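Below is one structure, written out as structure tokens, with a few remarks after it.
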There are 2 protein chains.
Amino acid sequence: MRIEDTNKLLIDSGVRPLRKRALIYNYLLNKGNHPNVETIYLDLIKKEPTLSKTTIYNVLNLLIEKNLVQMIKIEGTEMRYDADVSPHGHFKCASCGRIFDFSIDESEHPKIPLEGFEIHQRHYYISGYCTDCAKAKLN
Amino acid sequence: MRIEDTNKLLIDSGVRPLRKRALIYNYLLNKGNHPNVETIYLDLIKKEPTLSKTTIYNVLNLLIEKNLVQMIKIEGTEMRYDADVSPHGHFKCASCGRIFDFSIDESEHPKIPLEGFEIHQRHYYISGYCTDCAKAKLN
DNA sequence: GTATCTGCAAAACATTTGCAATTCT
DNA sequence: AGAATTGCAAATGTTTTGCAGATAC
């Protein structure tokens, strides 16, 4: 996705499309993985040497508030960030560390046996071995 | 559960049933909630004044390794700990902060559309408002 | 008696905050 | 110009680590 299209998405959500904001959001949209702040920082300072981690935190928190990005808590102590806010699950491979997205059909969401509870968000996290690592283990 | 029974569980999992280990595991088993390290510490030093947080971290990491305890990452940056390692979900109330357990029937687990992946753990986290807070909001 | 465990203090990280400088319109 | 944003440095909060002393068997 081009920066201009990213700007448009920001404007549509009531966020002023500032240069560094758009850069960070564009990065998340295009990479499609689930980077931590460190990775975002190291990747982006190549093209934007004055970018700081504080700004990355600021922007991410803003984008989360505007529901353009979601936090993923699948790694140890750090947060991962995902520009795909549609309902989907995450699989973390315990061996290679990669995180895989998978879709969950609406009809497949487990019923929550909690009477009168109001559900806002669902997070489905799976851990185990991905195909590659499961195969490698057999050898 | 009595300490003697906790000791037995530890031995069955190949863990030497040391005094402070058993104390911490027994606490988690009996409380049945999802305390953070701070809460465990404050509760247990009442009866075991020489207990340190370092030991709590050490013991928890050992119990996790032995699959007697699982980490729950539903709060901001801190870890919560749960001695119930059977498959179940957690609901976090965004208003009062309480965490509720709920069971998920085996047949209800969503199918994971990832060919050849080996699943070890499933975490299902829901956030929203609990019944009490949902009602309070209406007033 | 020896290996293991514990606990203090310090280190290591991730994230937030205060505030002055910069940028945007 | 004026309001919002940025970035440095410091603060905060959680978890880990190094190592000396204590404990278990």
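Each chain gets a letter, A, B and so on, in the order the sequences are listed, and its residues count up from 1. Quick caveat: nothing in here was measured; it's all calculated off a predicted structure. Scope of the values below: all heavy atoms of this structure, side chains included, with no hydrogens, waters or symmetry mates.
- For B:I24 and C:dG7, the CD1 to C1' distance is 12 Å, given to the nearest whole Å.
- Residues B:R80 and B:M71 fail the side-chain proximity criterion, which asks for heavy atoms closer than 4.5 Å.
- Toward the 5′ end of DNA chain D lies the nearest nucleotide of A:L62, the other residue of the pair A:L62 and A:T77 mapping further downstream.
- In terms of modelled atom types and a separation under 3.5 Å, the side chain of B:D84 and the main chain of B:G32 share no donor-acceptor contact.
- To the nearest angstrom, C1' of C:dA14 lies 15 Å from OH of A:Y41.
- Distance CD1 (A:I64) to P (C:dT16): 9 Å, rounded to an integer number of Å.
- The distance between atom CD1 of A:I11 and atom C1' of C:dC24, rounded to the nearest whole Å, is 14 Å.
- Comparing B:E38 and A:N58 by the nucleotide of DNA chain D whose heavy atom lies nearest to each, the residue mapping closer to the 5' end is A:N58.
- Remark: P of C:dA21 and NZ of A:K20 are 17 Å apart, rounded to the nearest angstrom.
- Whole-Å rounding puts the B:I72 CD1 to D:dT14 C1' distance at 17 Å.
- Within the nucleic acid shown, A:N36 has no heavy atom closer than 4.0 Å to any nucleic acid atom.
- For C:dT6, neither phosphate oxygen OP1 nor OP2 lies less than 4.0 angstrom from any side-chain nitrogen or oxygen of B:T50.
- Within the structure, every side-chain polar atom (N or O) of B:R19 is placed at least 4.0 Å from both OP1 and OP2 of D:dA24.
- As a whole-Å value, the separation of A:I56 CD1 from C:dA14 P is 13 Å.
- Counting any heavy atom pair closer than 4.0 Å across all strands shown, B:R16 reaches sugar-phosphate atoms only and no base atom.
- Among the protein residues, B:K53 comes within range of no part of the nucleic acid, since none of its heavy atoms lies under 4.0 Å from any strand.
- Residues A:E65 and A:N61 fail the side-chain proximity criterion, which asks for heavy atoms closer than 4.5 Å.
- Distance CG (A:L18) to P (C:dT25): 7 Å, rounded to an integer number of Å.
- Side chain of B:R122 to main chain of B:P87: no donor-acceptor pair is present (N/O by atom type, distance under 3.5 Å, no hydrogens or angles).
- At the phosphate of C:dT16, neither OP1 nor OP2 sits under 4.0 Å from any side-chain N or O atom of A:Y57.
- Residue A:T54 places no side-chain N or O under 4.0 Å from the OP1 or OP2 atom of C:dT15.
- If you check C:dC8, D:dG7, C:dA14 against the side chain of A:S52, the one that comes closest is D:dG7.
- Using a 4.0 Å cut-off, no side-chain N or O of A:T55 falls inside it from OP1 or OP2 of D:dT6.
- When each of A:T55, A:N58, A:T50 is paired with A:K20, the side chain to side chain donor-acceptor pair (under 3.5 Å) condition holds for A:T50 and for no other.
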